[in-house]
Amino acid sequence: MITVKNTERSCVQRAFDGLIHKCYRGHHARQRLENEVRVLEHLRIHNCPFVPRLITIDRATLSIVQSNCGVAVQTLPDWRLQQLFAALREFHVEHGDCALRNVTYRANDGVFCIVDFELAKILEPNWSCQLQHLHKEIEHILSTH
């Protein structure tokens, strides 16, 4: 395996089959693992196309295996970085660490991806905005018939 990241908080390695292995360490390791699992599962259910997919979870070793989202991005304009993390909010997720180190590029489909969700939060949907949007759609449909 090739080590991608090795800090006090985690070790991330890419296996030769391309899968990403992440082991949590240090302060609140179990809580960070559970949070990342919860957020990634939420994003999977909502069909978010630009995040990794969980393959396995090993709570005994505080580790996960996830799909590969490409290579680390070295440079990106600030406006594009903000745009990428803002796109997560459409899936009701606030990343919590909006930094370039958490952006990858998946060359096989030309997509920038976001990784590392251990500090992320699932946001409550803004039902009033959604209801207003639905009301406008209904008005439009009724006015055209």
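Of all non-hydrogen atoms in Cys48 and Arg53, the two that sit nearest each other are O-NH2, 2.7 Å. Looking at every heavy atom in both residues, Thr104 comes nearest to Cys69 through OG1-O, 2.5 Å. Cys11 and Thr3 get closest at one heavy-atom pair: SG-CG2, 4.5 Å. Of all heavy-atom pairs spanning Asp17 and Leu19, the tightest one is OD1-N, 3.0 Å. Contact detail for Ile20 and Ser67: the closest heavy-atom pair is CG1-O, 3.9 Å. Across all non-hydrogen atoms, the minimal contact from Pro49 to Arg106 is O-NH2, 3.0 Å.
Side-chain atoms of Leu84 and Leu76, non-hydrogen and from C-beta on, do get closer than 4.5 Å to each other. No side-chain heavy atom of Ser63 sits under 4.5 Å from any side-chain heavy atom of His21. In this structure the side chain of His95 reaches within 4.5 angstrom of the side chain of Phe117, judged on heavy atoms. Inter-residue side-chain proximity for Val51 and Leu88 is flagged as met; some heavy-atom pair is nearer than 4.5 Å. Arg59 places a side-chain heavy atom less than 4.5 Å from the side chain of Val37.
Distance alone, capped at 3.5 Å, places no donor-acceptor pair between the Asp97 side chain and the Asn102 backbone.
For the side-chain contact (heavy atoms from CB on, under 4.5 Å) test, residues two or more places apart in sequence or in another chain that qualify with Asn35 are Arg38, Val39.
Linking Ile, Leu, Val, Met, Phe, Trp and Tyr whenever their side-chain heavy atoms come within less than 4.5 Å puts Val93 and Phe112 in one cluster. If you chain together hydrophobic residues whose side chains sit under 4.5 Å apart, Val4 and Val73 never meet in one group. In this structure, Leu100 is a member of the same hydrophobic cluster as Ile114, with clusters built from ILVMFWY side-chain heavy atoms closer than 4.5 Å. Leu40 and Val111 end up in the same hydrophobic cluster when Ile, Leu, Val, Met, Phe, Trp and Tyr side chains are linked at under 4.5 Å. In terms of hydrophobic clustering, with Ile, Leu, Val, Met, Phe, Trp and Tyr side chains grouped at heavy-atom distances under 4.5 Å, Ile55 and Met1 are assigned to different clusters.
Between Glu8 and Arg25 no salt bridge is recorded (no basic side-chain N to carboxylate O distance below 4.0 Å). Taking a cutoff of 4.0 Å between a charged side-chain nitrogen and a carboxylate oxygen, Lys22 and Asp116 qualify as a salt bridge.
Outside the 6.0 Å centre-distance limit, the rings of Phe91 and His46 are not counted as a close aromatic pair.
Leu54 CG to Glu41 CD: the interatomic distance, rounded to the nearest 0.5 Å, is 7.0 Å. The distance from the CD atom of Glu36 to the CG atom of Leu119 is 9.0 Å, given to the nearest 0.5 Å.
Considering Glu118, Arg9, Gln31, Glu34 in turn, Glu118 is the only one that fulfils the side-chain contact (heavy atoms from CB on, under 4.5 Å) rule with Tyr24.
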